[in-house]
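Structure first, commentary second.
Just so we're on the same page: letters track the sequence lines, and every chain starts at 1.
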Amino acid sequence: MDMDKLVSLCKRRGFIFPSSEIYGGLNGFWDYGPLGVELKNNIKQAWWQDMVRNPPPGPDGEEVVILGVDCAIIMNPRVWEASGHVSGFADPMVDCKKCRKRFRADKVWLAAYVDAEGVSEADLLAVVEQLRTSATAAGTVSQAVASPKLVVPLEADGRDEAERHTLSKTQQKAFKHKPIRLLFPLPQAPASWPRKCPACGEGDLTEPRSFNLMFKTFVGALEDASSVAYLRPETAQGIFVNFKNVLDSSRVKLPFGIAQIGKAFRNEINPRNFTFRSREFEQMEIEFFCHPGESMKWYRYWRDVRKEWYTRLGIRSERLRPREQGKDELAHYSIGTTDIEYLFPFSNEPQELEGVAHRGCFDLSQHQQFSGKDLSYFDEAAWERDKAALGFTSFKEWVKSNPPKEQVEKYQFIPHVIEPSAGADRFTLAVLCEAYDEDEIGGEKRVVMRFHPRLAPIKAAVLPLVNKDGMPERALALYRELKREFPVFYDDSGAIGRRYRRQDEIGTPYCFTIDGQTAEDGTITLRNRDDCVQIRIPIAAAADELRKRIRD
RNA sequence: GCGGGCGUAGCUCAAUUGGCAGAGCGCCAGCCUUCCAAGCUGGCUGUUGUGGGUUCGAGUCCCAUCGCCCGCUCCA
């Protein structure tokens with residue numbers, strides 16, 4: 001499939017336009033047109049219906065409870081400190097050009113070994129310490145820096161202060177003499193020093209670059225530092241910070257999930273591939289909270305449920321690729337993550353549609369720490385079950401008796417969370433790619449969008465075969481009946497074949513045609529998009545037939 | 001962010017060395033038309049991405065800018 005043809009069709013028929021196109025567009029932003037908004041709304045509604053209102057039965061056949069929220073896009077900036085988005089990505093970063101590893105610039109230390117006479121190590125370390133606080137080079141250091149014997153970078157992340165001043169054993173072994181070490185955080189190191197990768201030791205590091213991908217804005221009319229806020233880079237945090245609110249207001253018990261559909265914003269370095277990497281995009285996210293001991297069961301459940309959902313909505317199985325992330329890919333807090341990927345036409349590599357992540361208790365713990373609010377869950381049923389055996393009636397009293405921590409955590413704990421996080425725009429794009437097809441009908445080529453009927457922007461077209469003999473009147477009456485319930489389209493313009501092809505191109509699954517026989521016996525034809533086969537049905541049965549066919 | 005290519009009607013594309021901006025498709029109106037882009041008649045669509053410059057004259061040459069495509073990079 002040719003991506004250019006799809007982009008052209010999307011523009012021509014009103015699925016997707018470049019944002020603010022008459023001003024030349026804006027890189028990374030897109031608008032959905034009349035058909036695109038129907039398609040994307042259908043996708044979001046299908047997700048909400050199938051995941052929130054009616055999720056599949058749980059691993060043991062139990063009811064699964066999911067509740068919805070719709071949170072503000074702008075949140076208290078402290079949220080993003082707790083989530084790690086500010087600290088992790090406000091700092092200048094450097095990348096290894098060879099092994100592609102990324103490091104915070106100030107965590108990479110360049111070290112020089114110097115054969116300096118009459119300079120004690122203690123002196124040097126003192127100067128280095130001074131450098132770290134004042135960034136002013138002392139004479140001794142300047143002298144030593146002028147003729148370094150070797151420069152080795154260090155990655156200081158996760159090491160204590162003492163270790164920062166020590167090279168690894170293998171690195172030290174490389175020298176028979178006792179070297180004197182000089183260390184600088186990378187941004188302060190002399191420009192002449194080679195900047196080699198701490199991980200592979202071979203590749204050069206890029207210049208430090210600022211990598212905060214969050215959109216910044218100001219709350220209130222005054223644009224000063226105290227009013228800085230961010231457009232959310234993900235919808236998940238709105239769920240986490242409302243965990244207690246939902247728990248306290250909705251009479252739910254663990255396990256349960258909270259779902260949200262909403263816009264998110266990321267300053268992608270290089271948006272590309274049509275809408276795939278947009279700077280403004282929509283997410284469909286669930287945070288499913290459960291007992292730590294049951295979390296793997298739920299992780300596997302959501303991984304399977306989510307893959308099945310895409311398949312059911314018409315994504316061909318061989319292009320859909322669930323992929324368990326390797327240990328080296330996982331975020332440090334994650335126990336497991338499965339990317340559900342789709343092989344888009346614009347790439348040889350499958351691209352992520354959704355990530356199903358086991359995030360442990362990381363997020364709630366972070367928010368508990370940063371907000372100072374208790375975000376733990378008390379499992380009343382478990383306590384009621386066990387309290388007699390433990391010899392207590394009050395949980396508090398029992399805790400005072402200093403039972404083992406693991407025991408307490410059976411009843412009071414920070415829930416673990418499974419996060420199926422899907423991209424609404426990415427799935428919409430996958431649906432468009434998947435639907436695009438060219439075939440031949442009676443020797444004539446046609447373009448047909450083979451949308452699942454549930455997702456199709458227009459469900460049916462109503463067409464008078466010709467504009468006479470009362471056909472337009474009957475057709476209009478049917479159209480007016482159907483449009484109360486379905487998105488339908490009326491077309492009396494041009495030859496019937498042309499009208500069928502127009503509907504094929506926008507993926508309308510069915511066409512009702514009123515012909516000469518309608519006046520005689522009250523039947524119309526129902527034409528199927530995918531094979532062009534027609535059947536006759538009573539005009540009065542049209543709505544029922546459509547309803548039946550659209551239902552999953 | 002770097003390197004290369006590109007930008008002409010709604011879409012796909014032409015336009016000689018710098019010399020009157022065009023075609024097909026689509027779209028609209030009408031005629032015709034009883035089932036798969038038929039036919040006939042008429043019609044609409046452009047500050048050639050944008051802004052400067054060179055020139056008697058710029059779609060064409062130069063500069064800038066925006067956007068798109070390809071390759072790197074990036075993608076928590």
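Backbone-only engagement by A:Lys11 is indicated by non-hydrogen atom pairs under 4.0 Å involving sugar-phosphate atoms exclusively. Among the protein residues, A:Thr513 comes within range of the nucleic acid bases, having at least one heavy atom under 4.0 Å from a base atom. Within the 4.0 angstrom heavy-atom criterion, no nucleotide atom of any strand lies near A:Pro18. Across all strands shown, A:Glu352 has no heavy atoms under 4.0 Å from either base or sugar-phosphate atoms.
Here the P atom of nucleotide B:C35 and the CZ atom of A:Arg502 are 18 Å apart, to the nearest Å. We find that CZ of A:Arg499 is positioned 12 Å from P of B:C28, with the value rounded to whole Å. Protein atom CE of A:Met449 is 20 Å distant from nucleotide atom P of B:A37, rounded to whole Å. Rounded to a whole Å, the CZ atom of A:Arg474 is 14 Å from the C1' atom of B:U34. Following rounding to the nearest Å, A:Asp491 (CG) and B:C35 (P) show an atom-to-atom distance of 17 Å. Per the geometry, CZ belonging to A:Arg13 stands 13 Å off P belonging to B:C11, to the nearest Å. Across the protein-nucleic acid pair, A:Asp492 atom CG and B:C28 atom P stand 10 Å apart, rounded to whole Å. At whole-Å resolution of the value, CZ in A:Arg501 and C1' in B:A38 are 12 Å apart.
For the P atoms, the distance linking B:A38 with B:A29 amounts to 16 Å, nearest Å. Look at the P atom in both B:G3 and B:U65: the space between them is 12 Å, to the nearest Å. For the C1' atoms, the distance linking B:C56 with B:C11 amounts to 37 Å, nearest Å. The P atoms of B:C6 and B:U47 are separated by 22 Å, rounded to the nearest whole Å. Taking the P atoms as reference points, B:A9 lies 12 Å from B:A14, given to the whole Å. For B:G49 and B:G7, the C1' atoms lie 6 Å apart once the distance is rounded to whole Å. The gap from the P atom of B:A37 to that of B:C27 amounts to 13 Å, rounded to the nearest Å. Spacing of C1' atoms, B:U41 relative to B:U33, comes out at 15 Å, to the nearest Å.
Checked against B:U34, B:C11, B:A76, the side chain of A:Asp469 finds its nearest nucleotide in B:U34. Nearest to the side chain of A:Ser493, among B:C35, B:C36, B:A29, sits B:A29. Nearest to the side chain of A:Tyr500, among B:C35, B:A29, B:G26, sits B:C35. Candidate nucleotides B:A37, B:G10, B:A76 were compared by shortest atom distance to the side chain of A:Arg266, and B:A76 ranks first. Proximity note for A:Arg12 (side chain, C-beta onward) versus B:C11, B:C35, B:A76: the nearest is B:C11.
Residue pairs meeting the ring-ring contact (aromatic ring centres under 6.0 Å, His included) criterion with at least one partner in residues 488-535 of chain A, sequence neighbours excluded, are A:Tyr479-A:Tyr490.
Looking at A:Glu440 and A:Lys445, no side-chain N of the basic residue comes within less than 4.0 Å of a carboxylate O on the acidic one, giving no salt bridge. Under the 4.0 Å criterion applied to side-chain N and carboxylate O atoms, A:Arg323 and A:Glu352 are not assigned as salt-bridge partners.
Looking at A:Thr513, A:Asp515, A:Val466 one by one, the single match for side chain to side chain contact (heavy atoms under 4.5 Å, CB included) with A:Ile496 turns out to be A:Thr513. Looking at A:Leu35, A:Thr508, A:Val37 one by one, the single match for side chain to side chain contact (heavy atoms under 4.5 Å, CB included) with A:Pro457 turns out to be A:Leu35.
Taking the six-membered ring wherever Trp is involved, the centroid distance between the rings of A:Trp80 and A:Phe370 does not fall below 6.0 Å. Under the 6.0 Å cut-off for aromatic ring centres, A:Phe276 and A:Phe274 do not qualify, their centroids lying 6.0 Å or more apart. A:Phe215 has its ring centre no less than 6.0 Å from the ring centre of A:Tyr230.
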According to the Watson-Crick and G-U wobble definition with distances under 3.5 Å, which dot-bracket string, read 5' to 3', encodes RNA chain B, using [ ] for crossing pairs and | for pairs with another strand?
(((((((..((((.....[..)))).(((((.......))))).....(((((..]....))))))))))))....
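Side-chain atoms of A:Arg527 and base atoms of B:C36 include a donor and an acceptor less than 3.5 Å apart.
Within the 4.5 Å cutoff, side-chain heavy atoms of A:Arg450 are placed close to those of A:Asp439. Put simply, the side chain of A:Ile524 reaches to within 4.5 Å of the side chain of A:Leu478, judged on heavy atoms.
One distance of note links CG of A:Asp425 with CG of A:Leu353; it measures 11.5 Å at 0.5 Å rounding.
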Which protein N or O atoms sit under 3.5 Å from an N or O of nucleotides 66-68 of chain B?
residue: B:G67; atom: OP1; partner: A:Asn27; partner atom: N; Å: 3.4
residue: B:G67; atom: O4'; partner: A:Gly24; partner atom: O; Å: 3.3
residue: B:C68; atom: OP1; partner: A:Asn27; partner atom: OD1; Å: 2.9
residue: B:C68; atom: OP2; partner: A:Asn27; partner atom: OD1; Å: 2.9
residue: B:C68; atom: OP2; partner: A:Asn27; partner atom: ND2; Å: 3.4

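Judged by the 6.0 Å distance and 45° axis criteria, A:Arg306 is not positioned over the aromatic ring of A:Trp302.
Both A:Gln351 and A:Asn467 sit near RNA chain B, but only A:Asn467 has its closest nucleotide nearer the 5' end. Map A:Arg426 and A:Ile496 each onto its nearest nucleotide of RNA chain B; the residue landing nearer the 5' end is A:Ile496.
Near RNA chain B, meaning a heavy atom under 4.0 Å away, the residues from residues 514-523 of chain A are A:Asp515, A:Gly516.
The ring pair (Phe, Tyr, Trp, His ring centres under 6.0 Å) search around A:Trp298 returns A:Phe288, A:Tyr301, not counting sequence neighbours. Applying the ring pair (Phe, Tyr, Trp, His ring centres under 6.0 Å) rule to A:Tyr299 yields no partners; only residues at least two apart in sequence or on another chain are considered.
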